[in-house]
Amino acid sequence: MWKALLAIATAISIGATAKAESVPRGVSIALASQYHPQHNGEFLCLDGQKSIQYSAINDDYCDCADGSDEPGTSACPTAFFNCANVGHVPGLLAASRVNDGVCDWDVCCDGSDEFDSGLGCTNVCERAAELAKVKSVKSLKESFEGALRKREYLVRKAVADDDRDLRVRELEAEVDDFNMQIRAWNKVMEFLNRRAENALRRNESLSTERDDDSDVKRECEAEIIAFQEAHETAKEKVTSLQSNLDSNLNKIEEYKQKLDFGPDGSLGVLSESCLEYDTPEYTYKLCFFSEAKQIMKSGGETNLGSWEGFTGPDLTKFSGKDLKYTEAKFSNGVQCWNGPARSLVVSLECGVRNEIVSVSEPAKCEYYAWVITVALCEIEESDIEKLDEIVGSREETAKILHDEL
Amino acid sequence: MRFAVLLYVLFGGTAAVKRSDFKTCAQSGFCGRQRAFGELATLEKSSNNESEDSSRYLLLTSTLKIDAVGGTVGAQILDSLSNARFQLDVTLLRSDIAETSSDAPTLRTRVFELNPLHASPFDVANADNLALVSPLPPAQNFSIVHQSPSLLSIRLANNIILTITAKPFSWSIARDNVDVVSFNNRHFFNYEYQRAKSQEKSDDPPVAVKQDDGDESGADPLVPPSKPKELSEREKLIEKLKKDVQKDMWEESFSGKQDSKPRGPTSIGFDIEFPGFSHIYGLPQHASSYFLKPTRGENAPYSEPYRLYNFDVFEYELDNPMALYGSVPFLLAHKKSNSVLGGESVGLLWVNAAEMWVDVEKTVQGTSTHWMAEAGILDLLIFLGPTPKDVSNQMTHLTGRSALPQHFSIGYHQSRWNYIDEQDVHDVDVKFDEFDIPYDVLWLDIEHTDGKRYFTWDKVKFAHPKVMQDELAVKGRKMVSIVDPHIKSDDGYLVSKKATELGLWVKNKDGNHFDGWCWPGTSHWIDYLNPEGRKFWAEQFKYSNYEGSTKNLYTWNDMNEPSVFNGPEITMQKDNLHFGGYEHREVHNIYGTLLHRSTAEGHLLRSDNTDRPFVLSRAFFIGTQRYGAIWTGDNTASWDHLAISIPMLLTIGVSGVTFCGADVGGFFGNPDNELLVRWYQIGSLQPFFRAHAHIDAKRREPWLAGEPYTGLMRESVRRRYRIMPYLYTLFWEANQNGVPVMRPLMYEFPGDEATYAAEDAFMVGDTLLVHPVVQPDVSTVQVYLPPSSNWYDYDTFAPVKSGHSTVATPLEKVPIFIRGGTIIPRRDRIRRAVNLSLRDPYTFIIALDTQQKAHGQIYTDDGHSYEYTRGAYIHARFAYSNGVLSATTVRGNGRDAGLGSRVERIVLVGLKSGGVKSVVVEGSGKRLEFKSEGGVVVVKDPKVIVGEEWKIVVS
């Protein structure tokens with residue numbers, strides 16, 4: 001795989017060399033085929049709006065509105081300069097940065113962007129490629145490790161979810177049982193009520209007639225008291241059952257309550273424990289899904305905000321990415337003197353741990369935290385393949401990733 | 001920040017300015033006395049029917065010394081009531097400087113007490129080259145027109161005559177036989193001679209006011225009539241005024257703070273009239289109109305005089321004459337006239353650094369002013385114009401030309417209180433490039449220091465200051481760090497310790513080191529009046545002293561009024577003592593500027609005089625333009641603050657300090673996106689362009705607003721960067737002739753009365769008229785384009801009718817108009833910073849007048865060093881007429897220094913009739929490609945070089 005790619009790359013660069021005479025400076029491989037004189041010796045601007053002398057390409061004067069006639073100079077404000085960066089990936093630099101006296105090595109490691117400024121930017125592509133390799137291996141390794149930890153969490157979570165579901169089912173069964181008992185006791189109470197009323201009526205009739213009924217009357221009154229006491233007991237039983245039932249319902253609701261842990265639930269990993277970050281003056285404590293605090297080392301703490309939710313943009317329509325879970329917000333913290341209520345924005349990205357990287361206060365009482373979490377680590381087959389390319393083979397990749405584990 | 005918060009609680013809170021923190025005229029002893037004196041003089045004059053004078057000041061003709069060849073007149077002036085004697089020195093200073101429309105000399109009149117009892121007063125002009133340049137221009141001879149015991153008339157120039165009258169002492173200047181300026185015509189002249197406290201009670205009254213009954217028996221007017229009788233209203237008023245002129249002579253207090261005034265009364269008052277003059281301007285700094293509103297007389301909008309006493313004013317109020325951070329006692333008077341120019345000007349400068357108040361009154365005769373200062377001497381400079389530009393030229397000939405700024409410093413500055421650490425700085429820098437917005441300087445406010453100890457860095461947040469500066473410098477960018485004058489009282493702080501050892505601090509009235517509160521807590525202030533103090537300060541900027549500084553670090557001097565949180569009116573005690581034994585009251589207004597100066601000298605010192613300084617100051621005074629830029633201080637994010645930035649900057653500019661700006665976005669508060677965009681549109685066309693925000697304000701860097709706002713702010717910044725060659729040329733012009741970069745319309749159209757009070761529009765140089773939007777939600781603005789020129793829309797090049805018209809102003813529109821007959825050099829390639837663009841080719845916009853002519857010029861050099869003084873510059877003039885564009889009169893050998901870029905594009909605007917057939921470079925005969933569309937012809941890449949002579953023929 002690696003060798004094949006290398007072969008292709010070589011072929012391309014040879015091709016580029018072969019055509020170097022005719023491909024104007026700053027044109028990318030992808031567009032090279034469009035840079036040749038038409039039959040009338042002219043060049044059609046790539047937007048098709050204008051035709052100019054082919055010789056006007058790269059004459060350091062902007063003729064085409066789309067800047068396509070000046071790929072290799074700074075004349076057109078909208079143009080881009082392609083640097084070949086042989087040995088590394090090609091770069092596209094805004095034309096305004098061509099020949100401006102700055103070696104833009106981050107884009108043009110070959111230094112070709114300053115071909116006319118007398119600056120003599122050296123070619124650093126070899127080192128850049130090396131660094132890029134190290135960096136992407138590191139980043140892929142981290143993603144991989146993070147993704148593994150996320151998987152571990154999801155397993156942990158699944159077990160916990162199962163436990164929870166089981167418990168919910170138990171509670172629900174108990175609720176059914178409680179309901180049944182309550183219904184039964186209600187019936188008993190109805191029965192006792194009726195009996196007590198009968199006894200009352202009888203008692204009343206007795207008292208209006210003869211005195212020698214007094215024994216019966218006493219019996220009757222005893223009966224009434226007995227019924228009433230029994231009813232009272234039944235009522236207590238129902239109250240107690242009802243309270244158990246309510247408690248179970250609450251517990252069920254609590255268990256079933258769905259916090260937004262993301263589409264696969266992985267952000268729940270942040271609910272397992274609060275994250276802390278130390279500065280010389282403060283400890284910042286972020287409890288996701290709850291609240292954020294600034295704890296003074298000298299004692300005392302300030303609420304920086306309560307959990308508002310994940311607030312990143314959904315760019316599905318634009319880039320195909322929903323970035324909602326890359327940002328979160330705590331809001332409505334303690335009011336600031338002469339300022340707003342404190343708030344804290346968290347920016348989240350993939351990392352090998354769940355950890356606060358930094359906390360700052362860019363504007364007064366508006367805090368910003370950079371947090372890495374395993375929850376946002378994804379590893380796709382294509383990533384593995386990319387790593388294969390970089391390190392040379394799947395075996396190497398496996399070795400690297402294995403070492404990491 | 002906790003300490004700052006505490007200070008706010010103590011001294012400000014969130015409400016607007018606390019008026020009670022600052023004195024009214026009546027609360028400032030001498031102002032009350034001088035104003036009362038003026039009222040008494042007015043009453044007296046009216047009762048005398050002007051038939052006879054009774055002014056106490058007499059010029060002793062026996063002492064008159066006239067040196068017509070040497071250009072001087074000297075005489076003694078007698079205060080006939082106290083017998084105090086004063087010396088009058090009149091000098092004519094030559095102003096034969098290039099490009100003025102007149103050879104009128106500048107008139108200088110100095111009056112000071114002979115043999116003062118306590119001490120010689122501070123003379124800010126003579127002491128060590130402080131306010132005026134040294135040496136002054138040579139004196140100019142004159143001829144005597146008339147001389148008699150009561151009158152001396154001398155000819156200053158062909159059509160200008162100065163007449164000095166002996167009794168009472170007064171003078172006036174006539175141009176073409178019409179008085180244009182007069183002194184003491186209203187008998188307000190009142191020079192408080194130095195006296196002993198003990199004799200005060202038996203002292204003479206400051207003015208003799210005759211009683212209504214016309215009693216001229218010579219009875220002591222202070223002794224009340226022997227028989228008490230019913231006093232008339234007028235008499236009661238006179239009684240009161242007579243008390244007022246003696247008020248607060250030996251001590252006064254304000255807000256519980258005592259001023260011991262050991263030298264008693266020392267103030268000076270006088271009237272200056274401008275007969276026939278409808279408009280006066282100047283007297284910065286006030287949050288007020290460009291055309292000065294009256295403070296006296298019927299229906300006067302203000303009741304207090306304009307005050308000039310440098311202050312740190314928390315959340316200053318608009319539209320009032322309260323003093324602010326800077327002072328220049330300069331005034332420009334202008335009127336319509338029948339001369340060729342259509343209008344004429346005179347200017348006046350009182351070279352005095354003490355607290356000053358100026359009343360302005362519209363009179364039947366014209367405009368009258370009453371000047372009052374607490375100390376110093378009377379040193380007046382009269383500039384005779386006759387155009388406003390001439391006045392600017394004549395004034396800065398004496399107060400110093402605006403220093404040629406470094407190229408980067410006229411780019412866009414990004415500031416905030418505070419960029420919190422090195423990471424923050426890095427992130428902001430990167431964002432500018434990500435959003436492709438050019439900028440040149442990133443600023444660090446007070447929080448970057450180690451506990452507000454200036455010249456140090458916070459050890460945690462700014463642990464690697466050199467690396468940080470180097471990273472910015474890679475992209476041609478610079479950094480500015482704040483260095484304030486309050487030095488923390490701390491023996492562990494080297495600057496503090498050394499200054500104590502060397503005894504360089506300002507002293508209190510008892511001669512001990514003065515201490516007061518400011519950001520770091522208890523602090524001391526270097527005495528910049530002391531040459532050793534200035535030298536010590538300058539040395540602190542050496543790389544070896546200012547650890548962590550690099551050559552890409554420049555300086556911001558804030559709080560230099562000076563601001564003293566627990567002092568009277570938030571500044572220093574007036575009885576504090578300075579080098580030479582002067583009291584603070586005498587030197588106050590120049591204090592901040594001396595700091596500005598020694599910081600600039602520090603920059604020169606550290607670079608061995610090779611790198612032009614860049615220093616921003618908040619306080620300013622006469623001559624500030626020699627040292628760097630100023631800004632209008634702590635403004636607010638509101639539409640009215642945006643609007644007032646125009647008259648405030650116009651006023652400061654005509655007073656000589658052209659490198660000035662207002663914080664873009666407003667310092668206090670949070671601007672909404674519309675306000676922020678409009679502010680960028682305007683700020684990007686003002687001389688000093690810096691966005692800044694208070695620590696309590698939300699972040700507002702341009703990319704945070706989102707579209708369309710971010711794009712509109714980007715476009716505003718880029719618009720400025722495109723005209724950078726033009727702006728730099730304007731700064732050079734200011735350096736040559738003192739004419740401000742940002743100009744009132746009346747500077748360019750002095751004969752057009754419709755421009756005299758204009759402050760909703762301004763000129764950038766002589767070419768661009770800007771009429772910006774300063775209100776929310778408006779879809780149009782009413783624009784006035786002076787009909788003496790033809791005009792084009794800046795964006796479309798379409799001709800625009802002159803006179804009054806309505807212009808549509810959607811949020812993206814900045815109404816800018818190009819004046820016909822001008823040539824604007826631009827660089828249309830946008831780079832990340834100014835210094836990255838200096839090799840780029842030019843685009844010339846040639847806007848033709850109705851005669852199909854245009855002319856313009858360009859100045860360029862390396863933008864940072866003094867090599868231009870050795871000829872490494874290019875100054876070229878361009879003219880278009882009869883279809884030929886020619887580059888002529890090229891000066892300087894900048895071509896050899898690699899400064900000559902080519903012209904890549906010529907845009908001919910307003911070409912009349914008949915299509916263009918060919919465009920040819922003369923000599924080579926090279927035919928140029930061009931594109932013609934609706935009167936606009938764009939010529940492709942003539943490849944001619946700026947710095948060479950050439951001709952291009954359009955036929």
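Chain naming here is simple, since letters A, B, ... match the order of the sequence lines and numbering starts at 1 in each. Because the structure is predicted, anything quoted here is derived from the model rather than measured.
Lys926(B) NZ: more than 12 foreign heavy atoms inside a 6.0 Å radius. Heavy-atom neighbours of Glu276(A) CD from other residues, nucleotides or ligands within 6.0 Å: above the threshold of 12. Lys324(A) NZ: more than 12 foreign heavy atoms inside a 6.0 Å radius. By the 6.0 Å contact criterion, CD on Glu707(B) is enclosed, its count of non-hydrogen atoms from other residues, nucleotides or ligands being greater than 12. The number of heavy-atom neighbours closer than 6.0 Å to NZ of Lys551(B), taken from other residues, nucleotides and ligands shown, is 12 or below. Counting heavy-atom neighbours within 6.0 Å of Asn673(B) CG, excluding the residue itself, gives a total above 12. The environment of CH2 in Trp370(A) is sparse: at most 12 heavy-atom neighbours from other residues, nucleotides or ligands sit within 6.0 Å. Around the NZ atom of Lys943(B), the shell of radius 6.0 Å holds more than 12 heavy atoms that belong to other residues, nucleotides or ligands.
Between chain A and the residues Leu838(B), Asp840(B), Ile830(B), the most heavy-atom pairs under 4.5 angstrom are made by Ile830(B). Contact count against chain A (heavy-atom pairs under 4.5 Å) is highest for Arg832(B) among Gln423(B), Glu929(B), Arg832(B), Arg905(B).
Neither the backbone nor the side chain of Asn835(B) comes within less than 4.5 Å of any heavy atom in chain A. Contacts of Asp424(B) with chain A are absent, with no heavy-atom separation under 4.5 Å from either backbone or side chain. Looking at Ala75(A), the atoms closer than 4.5 Å to chain B (heavy atoms on both sides) sit in the backbone and in the side chain alike. Neither the backbone nor the side chain of Pro77(A) comes within contact range of chain B; no heavy atom of the residue lies under 4.5 Å from a heavy atom of that chain. Arg718(B) does not touch chain A: none of its heavy atoms, backbone or side chain, sits under 4.5 Å away. Interface remark: Val938(B) contributes side-chain atoms only to the contact with chain A (heavy atom separation under 4.5 Å).
Minimum heavy-atom separation, Arg97(A) to Asp436(B): NH2-OD1, 2.9 Å. Contact between Arg699(B) and Pro362(A) at its shortest, heavy atoms only, is NE-O, 2.6 Å. Residues Ala697(B) and Ala363(A) share a closest heavy-atom pair of O-CB, 3.9 Å. For the pair Ser117(A) and Arg839(B), the tightest heavy-atom approach, listed with the atom from each and the gap, is CA-NH2, 3.4 Å. In plain terms, the two heavy atoms of Asp59(A) and Lys940(B) that are nearest each other are OD2-NZ, 2.9 Å.
Side-chain contact check for Arg829(B) versus Val98(A): every heavy-atom pair is 4.5 Å or farther apart. Side chains of Val102(A) and Leu836(B) form a contact here, defined as non-hydrogen atoms less than 4.5 Å apart. Within the 4.5 Å cutoff, the side chain of Ile420(B) has heavy atoms near those of the Ser360(A) side chain.
Remark: the Arg831(B) side chain and the Ser96(A) side chain contain no N/O donor-acceptor pair separated by less than 3.5 Å.
Among pairs with a residue in residues 38-79 of chain A, those fulfilling ring-ring contact (aromatic ring centres under 6.0 Å, His included) read Tyr35(A)-Phe43(A), at least two apart in sequence or across chains.
A distance of 10.0 Å separates SG in Cys365(A) from CD1 in Ile695(B), rounded to the nearest 0.5 Å. Going from atom CG of Asp696(B) over to atom SG of Cys336(A) covers 7.5 Å, rounded to the nearest 0.5 Å.
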Step-by-step salt bridge (charged side-chain N to carboxylate O under 4.0 Å, His left out) determination, Lys475(B) to Asp104(A): CA-CA 9 Å; Lys475(B) 287 181 281 191; Asp104(A) 284 285; over 6 Å; no
Verdict with supporting geometry, Arg902(B) and Asp60(A), salt bridge (charged side-chain N to carboxylate O under 4.0 Å, His left out): CA-CA 11 Å; Arg902(B) 75 177 208 273; Asp60(A) 205 19; 2.9 Å; yes
Pair Lys931(B)-Asp63(A), salt bridge (charged side-chain N to carboxylate O under 4.0 Å, His left out): steps then yes or no: CA-CA 11 Å; Lys931(B) 195 177 74 183; Asp63(A) 294 290; over 6 Å; no
